[in-house]
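Structure first, commentary second.
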Protein chains: 2
Amino acid sequence: MKLSTRGRYGTRLLLDLALHGRDGPVQLKDIAHREQISLQYVQHLVTPLIAAGMVRSTRGARGGVWLAKSPQEIKLSEAVGVLEGSIAPAECIDDPKTCPRSDFCVTRDIWGELKEAMDGVLGSTTLQDLVERQKRKQRPVEVMYYI
Amino acid sequence: MKLSTRGRYGTRLLLDLALHGRDGPVQLKDIAHREQISLQYVQHLVTPLIAAGMVRSTRGARGGVWLAKSPQEIKLSEAVGVLEGSIAPAECIDDPKTCPRSDFCVTRDIWGELKEAMDGVLGSTTLQDLVERQKRKQRPVEVMYYI
DNA sequence: TACTTTGTTGAGTATATTAGTCAACAAGGA
DNA sequence: TCCTTGTTGACTAATATACTCAACAAAGTA
């Protein structure tokens, strides 16, 4: 049940854009450096995000990438969906025809509930939520005063 | 984020035992036949369940396997845990030391919530729940009258 | 225009995991 | 004793993962 690096790194990449993409394009090499991912892998992670219209880009000197929407409009469920494909724990959830037992299989029901539970988390969290959590983590002492 | 066949088939194996293990040991070949899994693979699926004390067995003619506890005492979280290992979507959830970012990584928090959500489903479902769902599915027409 | 910087794309690859099979063995019942 | 059944470990084909390499395309700069 592991998420692949695509899903995990890709989410970090988006968060990085949300945090650092306020003024102009963010260069892939900067993302690579901050997130400690090779530039070459970052290039591949960003491709499906651009294809999905979640990220925009421009080439050439001073080029880079940025979020196509504001962070509060980007749910993690979309991001993970683009990066990872379906998060269904079994193929039969997305396509009942892949298993002849689908009609009467109760374990299938459970895998479906598992997917629902995950969708619940990822569908209710936006990049903006991550940004805010990050800010709180970066200033643990200051936040303490408000608790 | 797929569950492997071990987790899926193994859960079906346990459900099969809950459904058919009322009178004496259930033979692996019968499970294999009903669940449409090769006998050889069933043999391998049952091994960790026996090792974990979830299933008991006896060899020889008329041998077989059976649940060590009653179905309502067996949570799916235990079963999947034995069969699949941890369901954590990322290694850093089980062991923060595997990633130097664990202390301040907010995406890690989300993967942790994902695990919690899955634990919520699997921890609140027992084999007995599956048995009851199965009974309802097998008699869809009769159930209709009660809805 | 020429050059440099940056993103884009596709091919290739080492490693690990999955999903099994094969075969020898152990033990219990008839 | 023989047959039936579970136990165990070695082995393997196929697939997925997690990348790297390298050629290319487009946009800015001098």
Side-chain angles (χ1 to χ4, degrees), chain A residues 1-13 16-17 21 24-33 35-68 83-87 89-91 98-99, chain B residues 1-13 16-17 21 24-33 35-68 83-87 89-91 98-99:
Chain A
M1 286 297 280
K2 291 286 178 289
L3 226 38
S4 73
T5 53
R6 282 172 59 91
R8 288 181 287 121
Y9 292 7
T11 305
R12 273 167 50 193
L13 187 157
D16 191 283
L17 286 185
V26 180
Q27 293 187 8
L28 297 190
K29 71 175 176 189
D30 291 337
I31 299 172
H33 181 251
E35 300 299 328
Q36 298 168 51
I37 305 170
S38 81
L39 171 60
Q40 289 165 325
Y41 203 34
V42 167
Q43 291 171 336
H44 281 281
L45 293 172
V46 88
T47 300
L49 295 169
I50 292 170
M54 200 169 294
V55 165
R56 297 244 172 81
S57 65
T58 186
R59 305 193 208 194
R62 301 249 171 202
V65 299
W66 62 95
L67 295 178
L83 292 158
E84 196 85 6
S86 169
I87 57 164
E91 242 188 296
T98 56
C99 180
Chain B
M1 283 299 280
K2 292 285 178 289
L3 226 38
S4 73
T5 54
R6 282 172 59 92
R8 290 181 285 120
Y9 292 6
T11 305
R12 273 167 52 193
L13 186 156
D16 191 282
L17 287 184
V26 179
Q27 292 185 10
L28 297 190
K29 70 175 177 191
D30 292 337
I31 300 172
H33 181 251
E35 301 297 330
Q36 298 167 50
I37 306 169
S38 80
L39 171 60
Q40 289 166 325
Y41 203 35
V42 167
Q43 291 170 336
H44 280 282
L45 292 172
V46 88
T47 301
L49 294 170
I50 292 171
M54 201 168 294
V55 166
R56 297 246 171 80
S57 65
T58 186
R59 304 193 209 194
R62 302 251 170 198
V65 300
W66 63 93
L67 294 178
L83 293 158
E84 196 85 5
S86 168
I87 56 165
E91 242 188 297
T98 56
C99 180

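Note on naming: letters A, B, ... go to the chains in the order of the sequence lines (proteins, then strands), and numbering restarts at 1 for each one.
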Side chain of [X] only, please: which of [options] is the nearest?
X	options	answer
A/Tyr9	D/dT7, D/dC19, C/dA19	D/dC19
B/Gln27	D/dT5, C/dG7, C/dA19	D/dT5
B/Thr5	D/dT7, C/dG20, C/dT8	C/dG20
B/Arg62	D/dA27, C/dA26, C/dG29	C/dG29

(request) Quick one: do A/Glu84 and A/Leu3 satisfy side-chain contact (heavy atoms from CB on, under 4.5 Å)? Show the steps, please. (result) CA-CA 8 Å; A/Glu84 196 85 6; A/Leu3 226 38; 3.9 Å; yes
(request) Inspect the surroundings of CD in A/Glu91 and state if more than 12 heavy atoms from other residues, nucleotides or ligands are less than 6.0 Å away. (result)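 Atom CD in A/Glu91 is not crowded, with 12 or fewer foreign heavy atoms closer than 6.0 Å.
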(request) Can you measure from OG1 (A/Thr11) to CD (A/Glu35) and round to the nearest 0.5 angstrom? (result) 10.5 Å
(message) Which residue is it: A/Arg6, A/Arg8, A/Lys2? I am looking for the one with a side-chain contact (heavy atoms from CB on, under 4.5 Å) to A/Ser4.
(response) A/Arg6
Euclidean distance, atom [atom1] of residue [X] to atom [atom2] of [N] [Å, nearest integer]:
X	N	atom1	atom2	result
A/Glu91	C/dA19	CD	C1'	14 Å
A/Leu83	D/dC19	CG	C1'	16 Å
B/Leu45	D/dG6	CG	C1'	14 Å
B/Met1	C/dT17	CE	C1'	17 Å

(request) Scan residues 47-57 of chain A for pairs that pass side-chain hydrogen bond (donor to acceptor under 3.5 Å, both in side chains), counting only residues two or more places apart or in two chains. (result)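 Listed by first then second residue: nothing to list.
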(message) Is A/Thr58 close enough to C/dT6 that one of its side-chain N or O atoms is under 4.0 Å from OP1 or OP2 there?
(response)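 It does not, given that no N or O in the side chain of A/Thr58 lies less than 4.0 Å from OP1 or OP2 of C/dT6.
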(message) Whether B/Ser57 contacts D/dT7 is assessed here as follows: a side-chain N or O lying under 4.0 Å from the phosphate OP1 or OP2. Is that the case?
(response)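 For B/Ser57, the contact criterion (side-chain N or O under 4.0 Å from OP1 or OP2 of D/dT7) is met.
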Please list, for nucleotides 1-3 of chain D, all pairs of protein and nucleotide N/O atoms separated by less than 3.5 Å.
none

(request) With the side chain counted from C-beta on, respond yes when B/Leu83 and B/Leu13 share a heavy-atom pair under 4.5 Å apart, and no when they do not. (result)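 No - every pair of side-chain heavy atoms lies 4.5 Å or more apart.
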(request) Output the residues of residues 36-44 of chain B in contact with DNA chain D, where contact means a heavy atom of the residue under 4.0 Å from an atom of the strand; sort by number or write none. (result)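 B/Gln43, B/His44 - these, ordered by number, are the residues of the stretch whose heavy atoms sit under 4.0 Å from the strand.
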